[in-house]
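Everything on this sheet refers to the single structure shown next.
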Protein chains: 2
Amino acid sequence: MADVAQLAGVSSQTVSRVSNGFPGVTEDTRAQVLAAMRELGYRPNSAARALRRGEFRTLGVITFSLSTMGNIRTLEAIATSAAEHGYAVTLLPVAVPTQDEVNGAFSRLGELAVDAVIVIMEIHLLDAATVSLPPGVQVVVADSDAGDRYTVVDTDQAGGARDAVRHLLDLGHDTVWHLAGPEGSFAAQRRANAWRGTLTEAGRTPPPLVRGDWSAESGYRAGLLLADEPECTAVFAANDQMALGLLRALHERGRRVPGDISVVGFDDIPESASFLPPLTTIHQDFAEVGRLCVEGVLSKMRRDGVEHGTTTLVPTRLVRRASTAAPRRER
Amino acid sequence: MADVAQLAGVSSQTVSRVSNGFPGVTEDTRAQVLAAMRELGYRPNSAARALRRGEFRTLGVITFSLSTMGNIRTLEAIATSAAEHGYAVTLLPVAVPTQDEVNGAFSRLGELAVDAVIVIMEIHLLDAATVSLPPGVQVVVADSDAGDRYTVVDTDQAGGARDAVRHLLDLGHDTVWHLAGPEGSFAAQRRANAWRGTLTEAGRTPPPLVRGDWSAESGYRAGLLLADEPECTAVFAANDQMALGLLRALHERGRRVPGDISVVGFDDIPESASFLPPLTTIHQDFAEVGRLCVEGVLSKMRRDGVEHGTTTLVPTRLVRRASTAAPRRER
DNA sequence: CTAGGCAATGTTTACGTAAACATCCACTGG
DNA sequence: CCAGTGGATGTTTACGTAAACATTGCCTAG
């Protein structure tokens with residue numbers, strides 16, 4: 001910076017002003033400084049900047065293995081949105097979703113060059129970890145159940161599940177079976193609750209719940225079971241991958257989709273339009289989730305507010321494709 | 001730090017030594033300092049550290065939209081591997097893969113708290129961007145063609161494609177059709193070249209190449225075409241998504257897989273085991289690619305070497321599933 | 001014609017850390 | 001008994017920046 005100042009014939013402070021786009025610099029001077037910067041290949045040192053300003057202009061994102069499409073898309077949206085606000089994004093991967101690992105990530109956080117944190121993770125892993133959160137670091141949680149202690153941004157899981165079930169009921173199905181996600185997941189839990197609630201509201205009896213683990217393989221196993229249920233004409237799968245496995249099992253067992261059984265998924269992964277048949281599913285707006293996470297955490301930083309427990313829900317959208325139809329009325 | 005020093009009754013330098021695990025501190029003193037740190041909730045300020053040390057312990061990863069599964073898995077491996085070496089990972093998303101955007105990302109890089117960069121991107125976008133690379137920042141490129149100017153780590157595209165084609169020939173097919181990726185992609189190009197080369201080597205005539213754009217939708221369109229080719233008994237799709245679309249089209253047209261047509265994909269995405277039928281595909285070891293990227297860039301930093309043009313290939317593995325079989329000999 | 005004001009620019013300082021150097025002290029060997 | 005040695009700890013300083021304050025000089029109103 002000093003070199004630039006000397007070459008431009010000004011003080012280093014003026015260079016700083018130009019570099020930060022501050023007012024109070026003549027157009028001439030500014031041009032001269034810029035020229036000097038270019039000539040010397042000057043780049044501001046972000047460490048010194050951060051030291052001086054007391055902030056890093058960086059957001060940390062804690063997530064374990066970018067396994068699910070949703071998390072990835074959310075991460076991507078966070079990165080893009082953060083960039084728009086002049087923030088960089090640092091990734092804090094947690095290899096195994098155990099309490100210890102999460103605690104470890106949180107304590108490493110303190111030494112990390114990060115102003116705030118966005119957690120993409122089921123919240124129950126967070127509870128015991130709170131203690132080690134460095135003070136002054138704001139947190140927003142995505143993809144999680146509302147805790148009273150965190151600001152949460154999430155897809156409207158319940159609304160999406162309700163739409164899925166209603167769609168099937170509207171088509172004329174007597175009831176809807178549910179292929180749920182793993183027990184430990186709040187997202188799975190909320191989708192299942194909404195499924196049950198919607199059926200009950202409509203005066204239908206919820207059939208026994210079938211459980212998977214989000215994987216296509218588990219959907220396949222569930223499908224083999226469901227294929228043998230003669231009563232089953234409509235299934236709401238808690239995600240698209242399980243729906244994929246389900247479709248394969250039904251096909252193998254000679255059950256037609258949607259002729260014999262209608263299937264609805266959840267997520268709208270890009271491939272779902274090319275399933276056999278193309279899958280009716282609930283579209284999630286991950287880009288919006290990511291955007292809201294960033295804005296939430298930034299606004300928390302600014303006002304230094306401590307409003308815990310705010311939950312923002314991002315609406316979903318039903319995407320109708322070929323895997324759902326009215327039941328055959330043969331009885 | 002000064003507070004900790006005072007509480008522990010030592011100098012700040014001793015605190016620094018403890019904080020960095022340096023020798024020359026009595027066990028007693030160390031314990032006292034650690035206690036003081038805990039009591040005051042001391043966390044080293046990474047900005048000051050970086051300023052003093054002249055390095056950030058951070059790697060930048062440039063990638064545009066985490067669209068493909070491969071890039072995501074690579075990114076994840078990079079993050080994990082970097083963490084093991086005590087490095088953090090900062091994400092530099094490029095919204096649109098245009099020259100301008102890439103150049104922009106590279107120039108922003110200079111102001112970013114990053115010691116080295118890993119680029120996950122087709123290299124042709126890099127060529128014109130080189131100029132703005134800040135000096136002293138090492139680069140490793142993943143998922144790209146070898147340039148003489150960069151260190152490249154990539155999956156052995158050619159080897160994988162060769163294995164795919166050979167597998168089909170070994171099963172007894174006369175020749176193999178190829179559903180290629182977009183023209184602009186070097187990965188697609190190399191897979192196509194290896195496909196053609198392997199056929200020629202084996203004395204077969206390569207059928208006309210069919211082109212897609214990586215998406216399942218494009219695979220579907222290609223599949224409609226191929227379903228009408230009576231000669232076609234085996235297809236090698238350049239990725240699993242296109243294979244998925246292909247399977248749907250073939251199914252719709254009443255062509256059995258693998259009865260009438262065998263299909264091989266590329267990538268081994270998790271869903272491919274649940275396709276209809278389960279897809280034979282080429283497994284890529286993205287974790288290894290990520291690991292090698294990190295180690296490559298770190299070793300470049302250490303030796304300050306300037307060995308350009310090194311290319312490391314990570315081997316692939318053929319995963320046999322139900323979508324491939326011997327052709328029916330009815331002629 | 002001059003005091004006052006304001007815009008443009010310069011000077012000083014502190015941010016938190018770790019390297020380099022300085023000091024202290026206990027112990028060893030002659 | 002003392003010089004020498006080496007380990008433990010303390011002191012000084014610089015890293016590059018931007019905030020706070022200081023200075024300069026020009027313009028305008030009275």
Side-chain angles (χ1 to χ4, degrees), chain A residues 1-37 40-58 86 88 108-115 134-137, chain B residues 1-37 40-58 86 88 108-115 134-137:
Chain A
M1 192 157 110
D3 296 344
V4 173
Q6 192 175 3
L7 179 60
V10 299
S11 74
S12 67
Q13 184 52 35
T14 300
V15 176
S16 170
R17 281 191 264 260
V18 171
S19 154
N20 287 289
F22 284 172
V25 180
T26 318
E27 212 38 66
D28 283 359
T29 314
R30 178 182 308 277
Q32 220 156 4
V33 171
L34 287 174
M37 288 210 249
L40 296 176
Y42 167 79
R43 304 277 173 196
N45 177 314
S46 59
R49 272 197 167 166
L51 178 57
R52 189 64 253 247
R53 297 201 280 220
E55 60 171 22
F56 300 99
R57 301 278 165 88
T58 297
R108 256 176 289 145
L109 202 61
E111 316 182 9
L112 230 43
V114 152
D115 299 313
V137 175
Chain B
M1 191 158 115
D3 296 344
V4 173
Q6 192 175 4
L7 178 62
V10 298
S11 76
S12 68
Q13 183 52 35
T14 300
V15 176
S16 169
R17 281 191 264 259
V18 171
S19 156
N20 287 289
F22 283 172
V25 180
T26 319
E27 212 38 66
D28 284 0
T29 315
R30 177 181 309 277
Q32 219 156 4
V33 170
L34 286 173
M37 285 199 200
L40 296 177
Y42 167 79
R43 306 274 174 197
N45 177 313
S46 58
R49 271 196 167 166
L51 178 58
R52 189 64 252 242
R53 296 201 281 220
E55 59 170 23
F56 301 99
R57 301 277 164 92
T58 297
R108 256 177 289 145
L109 201 62
E111 317 182 7
L112 231 42
V114 152
D115 298 314
V137 175

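Every chain is numbered from 1 and lettered A, B, ... according to where its sequence line falls, protein lines coming before strand lines. For clarity, every value in this text was computed on a predicted model and none was experimentally measured.
Side-chain contact between Arg49(A) and Asn20(A): present, with at least one pair of heavy atoms (C-beta onward) separated by less than 4.5 Å.
Residue Met37(B) holds its CE atom at 5.0 Å from OG of Ser19(B), rounded to the nearest 0.5 Å. Remark: Leu51(A) CG to Ser46(B) OG distance equals 10.0 Å, nearest 0.5 Å. Atom CE of Met1(B) is separated from atom CG of Leu40(B) by 13.0 Å, given to the nearest 0.5 angstrom.
Remark: P of dA18(D) and CG of Leu51(B) are 12 Å apart, rounded to the nearest angstrom. What separates CZ of Phe56(B) from P of dG16(D) is a distance of 11 Å, to the nearest Å. Between Glu55(A) atom CD and dC15(C) atom P the separation is 17 Å, expressed in whole Å. Atom C1' of nucleotide dG16(C) and atom CZ of Arg53(A) are separated by 17 Å, given to the nearest angstrom. For the pair Leu112(A) CG and dG16(C) P, the interatomic distance rounds to 18 Å; values are reported in whole Å. Put simply, CZ on Arg52(A) is 5 Å from C1' on dA18(D), counting in whole angstrom units. The distance between atom CE of Met1(B) and atom P of dC15(C), rounded to the nearest whole Å, is 13 Å. One atom, CE of Met37(A), and another, C1' of dT17(D), lie 13 Å apart when rounded to the nearest Å.
Here dT17(D) is the nucleotide among dT17(D), dT17(C), dG10(D) with the atom lying nearest to any side-chain atom of Asn45(A). Out of dT17(C), dA19(C), dG10(D), the shortest distance to the side chain of Thr14(B) is found at dG10(D). Residue Ser11(A) places its side chain closer to dG10(C) than to any other of dT11(D), dG10(C), dT17(D). Nearest to the side-chain atoms of Gln13(B) among the listed nucleotides dG16(D), dA20(C), dT9(D) stands dA20(C).
Contact annotation: Asn20(A) reaches the phosphate of dA18(D) (side-chain N/O to OP1 or OP2, under 4.0 Å). Note on Ser19(A): every side-chain N or O is 4.0 Å or more away from OP1 and OP2 of dT17(D). Within the structure, every side-chain polar atom (N or O) of Arg49(B) is placed at least 4.0 Å from both OP1 and OP2 of dG16(C). Look at Thr26(A) and you'll find a side-chain N or O under 4.0 angstrom from OP1 or OP2 of dT9(C). Contact annotation: Thr29(A) reaches the phosphate of dT9(C) (side-chain N/O to OP1 or OP2, under 4.0 Å).
Checked by distance alone, Arg17(B) brings a side-chain donor or acceptor within 3.5 Å of a matching partner on the base of dG10(D).
Comparing Val10(B) and Ala48(A) along DNA chain D, the residue whose closest nucleotide (by nearest heavy atom) sits nearer the 5' end is Val10(B).
Legend: residues meeting side-chain contact (heavy atoms from CB on, under 4.5 Å) with Gln6(A), ordered by chain and number and at least two apart, are absent.
Contact annotation for Ser12(B): no contact, since no heavy-atom pair falls under 4.0 Å across all strands.
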